[in-house]
Asker: 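To start, I am sharing the structure in question, which I have written as structure tokens.
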Amino acid sequence: MKILVTGGAGFIGSNFVFHMLENHPDYEIVILDLLTYAGNLETLKDVLDRPNVKFVKADIADREAVFALFGEEHPDIVVNFAAESHVDRSIKDPGIFLRTNILGTQVLMDASREYGVKRYHQVSTDEVYGDLPLDRPDLFFTEETPIHTSSPYSASKAGADLLVQAYHRTFHLPVTISRCSNNYGPYHFPEKLIPLIISRALADESLPVYGTGENVRDWLYVRDHCAAIDRIIHGGRVGEVYNIGGHNERTNLQVVKTILKQLNKPESLITYVKDRAGHDLRYAIDPTKMMNELGWEPTTTFDEGIAQTVDWYLANEGWWKNIVSGDYQNYYQKMYADR
Ligand code: NAD
Ligand code: DAU
């Protein structure tokens with residue numbers, strides 16, 4: 001079995017590569033990644049020289065390069081993680097999100113059709129459902145919740161999802177889609193809330209909390225997401241959408257305070273800054289379908305996962321300090337100048 005993992009040098013894609021190598025050591029893994037600011041070959045350094053791992057630097061929206069790769073490798077399964085993934089960046093510059101997330105998906109599916117891929121899996125997000133009110137804890141996103149997006153990022157992911165469903169209906173491409181809640185864990189780029197707070201708190205820097213900090217996210221340890229995708233590509237029904245989440249809702253303020261406590265840093269570092277434009281209030285996934293159909297369950301509680309994650313960032317300072325000291329500095333200054 002040969003699996004093409006796009007975006008495999010990013011946060012979730014790299015964790016998925018590790019998961020597959022551990023759980024399916026006989027599979028061949030081809031990783032395609034453009035190595036944008038979010039992709040890091042350093043993350044993959046321990047697996048790149050394995051005989052069943054191949055890395056190719058390419059753009060999923062580059063039709064020629066993608067078709068050439070499919071022609072050479074003939075993957076059985078494609079799992080598409082490659083994307084522009086940060087909401088704040090999509091508010092500053094939507095264009096690249098449409099190109100990578102929608103057109104890139106189209107190119108991958110065209111190549112999958114041409115080369116008879118047995119399963120095309122699209123890694124989507126719960127953000128395509130929009131948000132839920134804070135005062136209705138009884139409401140959850142199911143697979144039937146209408147698409148209703150808020151940011152250019154989520155609109156681009158929703159556009160891709162619709163295209164994936166259209167390729168299934170029109171061309172009978174054997175697709176599946178997963179929509180997961182917020183991930184956290186090792187190799188998470190430090191522009192996202194949890195690694196941002198850990199890295200800044202360690203440097204005793206102010207911790208920017210948007211608005212009141214009452215927005216709720218439903219956190220899932222990244223390896224649980226990877227295990228869920230493994231179940232879907234092997235046992236999921238073609239044409240179906242699967243929601244992935246573990247009922248771990250926390251306000252942003254709760255998350256920040258939990259991290260501060262573990263690092264033994266003072267809450268006085270918290271700084272309330274201008275809110276994100278269009279900021280979604282609450283995400284909460286109903287994962288019943290994953291559990292009933294595919295027998296998947298998350299294995300890491302939030303308390304365990306956040307403790308492991310903080311420990312990982314403490315033990316792997318080299319990995320994130322490289323990022324924080326590079327180009328990312330300029331981005332951070334620009335992004336937060338007006339907050
Ligand atoms: P990430 O930003 O950490 O990684 C994205 C990867 O894609 C990087 O390695 C980058 O180099 C690569 N990439 C970007 N543009 C590319 C292009 N044009 N061609 C080839 N490679 C390209 O993102 P992530 O957090 O790992 O998210 C992975 C996927 O999971 C995304 O599709 C995202 O929408 C989805 N998702 C993320 C979360 C989350 O909490 N992070 C939750 C649900 C779904
Ligand atoms: O729900 C899945 C989504 O989760 C994925 O599809 C996205 O790719 C991923 O980036 C993530 O989106 P969020 O916008 O929820 O994640 P982020 O880490 O950017 O923000 C989490 C919450 O924390 C959100 O309510 C905004 C807030 N926040 C974020 C940052 C970066 C802050 O308060 N301060 C910050 O500095």
Side-chain angles (χ1 to χ4, degrees), residues 1-36 38-41 43-44 47-85 99-124 157 160-161 163-164 167-168 171-178 180 187 222 225-236 238-239 242:
M1 187 70 78
K2 191 182 273 193
I3 304 207
L4 175 66
V5 180
T6 67
F11 165 45
I12 309 175
S14 61
N15 276 285
F16 181 74
V17 168
F18 304 146
H19 168 93
M20 293 307 282
L21 289 171
E22 283 162 24
N23 291 278
H24 304 279
D26 50 325
Y27 283 18
E28 285 178 74
I29 312 273
V30 179
I31 303 164
L32 181 161
D33 198 296
L34 185 57
L35 299 178
T36 67
N40 192 345
L41 263 191
T43 303
L44 296 169
V47 301
L48 282 179
D49 56 3
R50 297 207 188 171
N52 60 337
V53 175
K54 178 171 177 177
F55 178 84
V56 178
K57 181 175 185 295
D59 181 349
I60 57 165
D62 179 342
R63 186 167 286 270
E64 214 176 298
V66 168
F67 271 68
L69 179 66
F70 275 65
E72 204 171 299
E73 297 294 341
H74 290 275
D76 299 294
I77 299 177
V78 175
V79 183
N80 180 25
F81 291 94
E84 288 294 333
S85 68
R99 183 178 186 279
T100 295
N101 298 1
I102 302 178
L103 296 180
T105 297
Q106 184 213 352
V107 169
L108 288 173
M109 289 195 297
D110 284 342
S112 298
R113 281 183 68 204
E114 177 76 21
Y115 289 96
V117 160
K118 296 188 193 82
R119 176 67 66 87
Y120 175 87
H121 182 74
Q122 178 73 2
V123 180
S124 185
K157 293 295 290 185
D161 282 14
L163 202 59
V164 173
Y167 268 56
H168 173 58
F171 304 121
H172 310 292
L173 185 69
V175 305
T176 37
I177 297 175
S178 53
C180 190
Y187 302 108
V222 62
H225 183 187
C226 298
I229 294 173
D230 184 353
R231 296 275 172 122
I232 297 169
I233 59 178
H234 289 105
V238 163
Y242 293 90

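Just so it is clear, the values below take in all heavy atoms, side chains as well, and ignore hydrogens, waters and symmetry mates. Since the model is a prediction, treat every value here as computed from it, not as a measurement.
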Asker: Taking the six-membered ring for Trp, are H19 and F16 parallel (under 30°), tilted (30 to 60°) or perpendicular (over 60°)?
Answerer: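 Rings of H19 and F16: parallel, under 30°.
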Asker: Could you tell me whether a side-chain N or O of D76 sits under 3.5 Å from a main-chain N or O of K2, the two making a donor and an acceptor?
Answerer: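 Flag set: sc D76 to bb K2 pair under 3.5 Å.
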Asker: Donor-acceptor pair, N15 side chain versus V222 backbone, under 3.5 Å?
Answerer: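 No, N15 side chain to V222 backbone: no donor-acceptor pair under 3.5 Å.
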Asker: Knowing that exactly one of V78, L4, V175 qualifies, which makes a side chain to side chain contact (heavy atoms under 4.5 Å, CB included) with V117?
Answerer: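 Answer to the side chain to side chain contact (heavy atoms under 4.5 Å, CB included) test with V117 among V78, L4, V175: V78.
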Asker: May I ask you to decide if L21's main-chain N or O and H24's side chain share a donor-acceptor pair within less than 3.5 Å?
Answerer: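 Looks like no, no N/O pair under 3.5 Å.
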Asker: Counting distance only, does the side-chain N/O of K118 pair as donor-acceptor with the main-chain N or O of P75 below 3.5 Å?
Answerer: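 No, because the side chain of K118 does not come within donor-acceptor range (under 3.5 Å) of the backbone of P75.
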Asker: Can a donor-acceptor pair be found, under 3.5 Å and without considering hydrogens, that links the side chain of T176 to the backbone of V238?
Answerer: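 Absent.
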Asker: Hey, what do you get for CZ (F55) to CG (D33), rounding to the nearest 0.5 Å?
Answerer: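 The CG atom of D33 is 5.0 Å from CZ of F55, to the nearest 0.5 Å.
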Asker: Please collect all side-chain hydrogen bond (donor to acceptor under 3.5 Å, both in side chains) contacts where either partner lies in residues 58-68, sequence neighbours excluded, each pair once.
Answerer: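 Counting only pairs at least two positions apart or across chains, the side-chain hydrogen bond (donor to acceptor under 3.5 Å, both in side chains) contacts touching residues 58-68 are D59-R99, R63-D110.
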Asker: Report the C-alpha separation of T36 and E84 in whole Å, then their side-chain angles, then the decisive distance to 0.1 Å, and conclude whether the side chain to side chain contact (heavy atoms under 4.5 Å, CB included) test is met.
Answerer: CA-CA 9 Å; T36 67; E84 288 294 333; 4.3 Å; yes
Asker: Is a donor on one side and an acceptor on the other found under 3.5 Å between the side chain of D230 and the backbone of M20?
Answerer: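 No.
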Asker: Just one of D161, T105, N101 clears the side-chain hydrogen bond (donor to acceptor under 3.5 Å, both in side chains) bar with S124, so which one?
Answerer: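 With S124 as partner, side-chain hydrogen bond (donor to acceptor under 3.5 Å, both in side chains) holds for just one option, D161.
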Asker: Taking atom OH of Y167 and atom CD of Q106, what is their separation to the nearest 0.5 Å?
Answerer: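 Atom-to-atom, Y167:OH and Q106:CD are 4.0 Å apart.
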Asker: Is the closest side-chain donor-acceptor distance between N52 and Y27 under 3.5 Å?
Answerer: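 Distance-only check fails for N52 and Y27.
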Asker: Which value, rounded to the nearest 0.5 Å, describes the distance between F67 atom CZ and L108 atom CG?
Answerer: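 If I round to the nearest 0.5 Å, the distance is 9.5 Å.
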Asker: Would a 4.5 Å heavy-atom cut-off, applied to side chains only, mark I233 and I3 as touching?
Answerer: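 With C-beta onward as the side chain, the pair touches.
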Asker: So how far is it from H234 NE2 to I232 CD1, rounded to the nearest 0.5 Å?
Answerer: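 It comes to 12.0 Å.
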Asker: Which value, rounded to the nearest 0.5 Å, describes the distance between I102 atom CD1 and K157 atom NZ?
Answerer: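 Reported to 0.5 Å precision, the distance equals 10.0 Å.
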